[in-house]
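Encoded as structure tokens, the structure appears first; notes follow it.
None of these values were measured; they are calculated from a predicted model.
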Amino acid sequence: MAELRRLVEEFRPELERLGVLEERVDEMWKYHDKVTWHGKIEYTYNQRKEDPFNTGHKSKSTSNGYIFRFEPKAEVNNHWTVNARIDAEGDMKDNSSTEFNLVRAWAEGDYDKFNVKVGKFEFCPAAEAGLIWDTEISGAELIFGSKWKFTATGGRLSSDQVQGGSNGIKAGDLYDDYNDDLADPATVVGLRVDYDRGEKGLFGGAAWYHIKDDDLAWSRRQFLNKVDNGTIDATDNGALKRGMKRYNKADIWTVNLGYRFNDLLTLSGGYAHNTKADFEKNSWQAELNYGTYDDASEKGQWSVWTGYRKFGTNVTLAGTVDDDAMLGTRGWVIGAAWAPFQNIGVIAKYFNGKYITDVDGSHGKAEKLFGRVEFFF
């Protein structure tokens, strides 16, 4: 409908000469459906084999889950829409399911070279490909530009999203029991600049994120050592709060670069560094992708890819760690996607690597198999 409205404005003189009066066009807008519904049902299989502390034995775990998702979008006026995402989840193992939950809800204003979002919306910058963020943020985001885009984001993340740690184990999970104040939301401020020539050629960008969350303090080696050696009583709220105030921040810098050789072949990569972390403070990834798969919008779409990922626990705070490479690991990934029919997609991924932090001079191993079937509507 937005495209139809644009065409009507573009050809208004011709329509008027043909006798299609403005009143008739306006009458049409009154009756079109202002709310559109999209969504999908996806089934996901995960198999993980993990040995983070190099015991010589990998623990194996599997999950079989599905999501039923609605994504309504309603037009407010020529520039503004309201949007939402509503999910219900289920577990195939025990035949359990949840009620529908509101995952996202935001208002969006879209102008010529300016876009604004307010509410709870997706926080996953496309150019970073999930290296740092793949979650939702409650706040606001401003984007300005076309080939060059400048983005400012600010808001809050839920308390379980940002937690530093080691070997994929989030330290906040271990110490939240000592003080309920640790279950606080994270405050995030981010600035991005991106360049993209379009369908072919060079693209890239850089960003800075400042995060404040008491859970981050537990990942700082100096503060943890004070707790471990007994100089700070982990049940002493005053000492805890003084330590939190000193170590509860993160500053993450990112750069990414890529090149589209043609409609099929793309090479991309990214690097991120947390200047306030003491260990597992770098994350990076590189990927070569060949194919055309894009949400199975056309029958026969396909893609294959291979790459390398390193997800430092104190950098990839809420990134894409449920598909192939896991938090706190580094290693090789391969994957493929195919649309056997329109709006039906099949995806498979495999990861094989090691944990970043060594234990007694060696690194534990990690392996993951991921499969998904998704039906779009």
Side-chain angles (χ1 to χ4, degrees), residues 52-53 123-125 128-135 137 153 156-176 178 182-192 206-229 232 234 240-256 269-286 308-321 325-331 353-359 363-364 366:
F53 299 111
F123 189 29
C124 183
E128 291 175 3
L131 185 62
I132 309 298
W133 309 111
D134 187 358
T135 183
I137 188 170
T153 307
R156 294 285 186 91
L157 302 182
S158 58
S159 60
D160 61 343
Q161 293 293 302
V162 175
Q163 298 177 10
S166 176
N167 265 22
I169 298 176
K170 293 184 176 182
D173 292 337
L174 303 177
Y175 293 99
D176 275 354
Y178 287 127
L182 296 184
D184 61 335
T187 300
V188 180
V189 176
L191 298 174
R192 281 198 58 82
W208 165 80
Y209 301 101
H210 177 74
I211 303 100
K212 181 180 179 181
D213 189 331
D214 285 347
D215 283 319
L216 290 171
W218 289 109
S219 69
R220 298 298 297 250
R221 176 174 288 143
Q222 182 177 357
F223 186 59
L224 278 174
N225 285 344
K226 289 182 179 179
V227 175
D228 292 340
N229 63 29
I232 291 181
L240 283 174
K241 289 181 179 179
R242 289 191 295 273
M244 295 301 170
K245 187 175 181 180
R246 183 176 180 182
Y247 299 121
N248 67 351
K249 298 177 180 66
D251 282 307
I252 299 176
W253 298 84
T254 76
V255 293
N256 61 275
Y271 173 83
H273 175 74
N274 183 354
T275 60
K276 293 189 179 298
D278 296 313
F279 54 97
E280 293 201 27
K281 56 187 176 181
N282 302 313
S283 290
W284 68 272
Q285 61 185 355
Y308 190 92
R309 309 198 199 287
K310 177 185 177 183
F311 288 159
T313 307
N314 298 312
V315 187
T316 304
L317 297 178
T320 307
V321 296
M326 294 174 280
L327 187 63
T329 68
R330 61 184 181 186
K354 296 181 178 181
Y355 280 88
I356 297 171
T357 301
D358 69 311
V359 179
H363 299 265

Discussion item. Please determine whether side-chain contact (heavy atoms from CB on, under 4.5 Å) holds for the pair Asn248 and Lys212, giving the CA-CA distance in whole Å, both sets of side-chain angles, and the decisive distance to 0.1 Å.
Written reply: CA-CA 6 Å; Asn248 67 351; Lys212 181 180 179 181; 3.7 Å; yes

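- Between Gly328 and Glu280, the closest heavy-atom pair is CA-OE1, 3.6 Å.
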Discussion item. Please evaluate residues Asn256 and Arg192 with respect to the criterion side-chain contact (heavy atoms from CB on, under 4.5 Å), reporting the C-alpha separation (whole Å), side-chain torsions for both, the decisive distance (0.1 Å), and the verdict.
Written reply: CA-CA 11 Å; Asn256 61 275; Arg192 281 198 58 82; 3.3 Å; yes

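- The structure places CH2 of Trp284 at 6.0 Å from OH of Tyr308, a figure rounded to the nearest 0.5 Å.
- Taking the six-membered ring where the residue is Trp, Trp208 and Trp253 present tilted rings, their angle falling between 30° and 60°.
- Rounding to the nearest 0.5 angstrom, the gap separating the CD1 atom in Ile132 from the CZ atom in Phe123 is 9.5 Å.
- Minimum heavy-atom separation, Pro52 to Val359: O-CG2, 3.9 Å.
- Gln285 places a side-chain N or O within 3.5 Å of a backbone atom of Ala129 that can act as its donor or acceptor partner.
- When every heavy atom of Gly312 is checked against every heavy atom of Ser283, the shortest pair comes out as N-OG, 2.8 Å.
- Rounding to the nearest 0.5 Å gives a distance of 10.5 Å between CG of Asp213 and CD of Gln161.
- Each of Leu157, Thr316, Thr320 was evaluated against Trp133; a single residue qualifies, Leu157, per the side-chain contact (heavy atoms from CB on, under 4.5 Å) test.
- Not a single donor-acceptor pair under 3.5 Å links the side chain of Asn314 to the backbone N or O of Ala277.
- Between Leu191 atom CG and His210 atom NE2 the span is 11.5 Å, to the nearest 0.5 Å.
- Side-chain atoms of Asp358 and His363 form no donor-acceptor pair, as typed in the model, at a separation below 3.5 Å.
- Here CD1 of Ile137 is found 10.0 Å from CZ of Arg156. Values are rounded to the nearest 0.5 Å.
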Discussion item. The test is side-chain contact (heavy atoms from CB on, under 4.5 Å); show your working for Ile252 and Leu317 and say whether it passes.
Written reply: CA-CA 10 Å; Ile252 299 176; Leu317 297 178; 3.9 Å; yes

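- To the nearest 0.5 Å, atom CG of residue Asn282 and atom CZ of residue Phe311 are 13.5 Å apart.
- When all heavy atoms of Ala366 and Met326 are compared, the pair lying nearest together is CB-CE, 3.4 Å.
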Item to complete: Could you walk me through whether Thr254 and Leu131 pass side-chain contact (heavy atoms from CB on, under 4.5 Å), step by step?
Response: CA-CA 9 Å; Thr254 76; Leu131 185 62; 5.7 Å; no

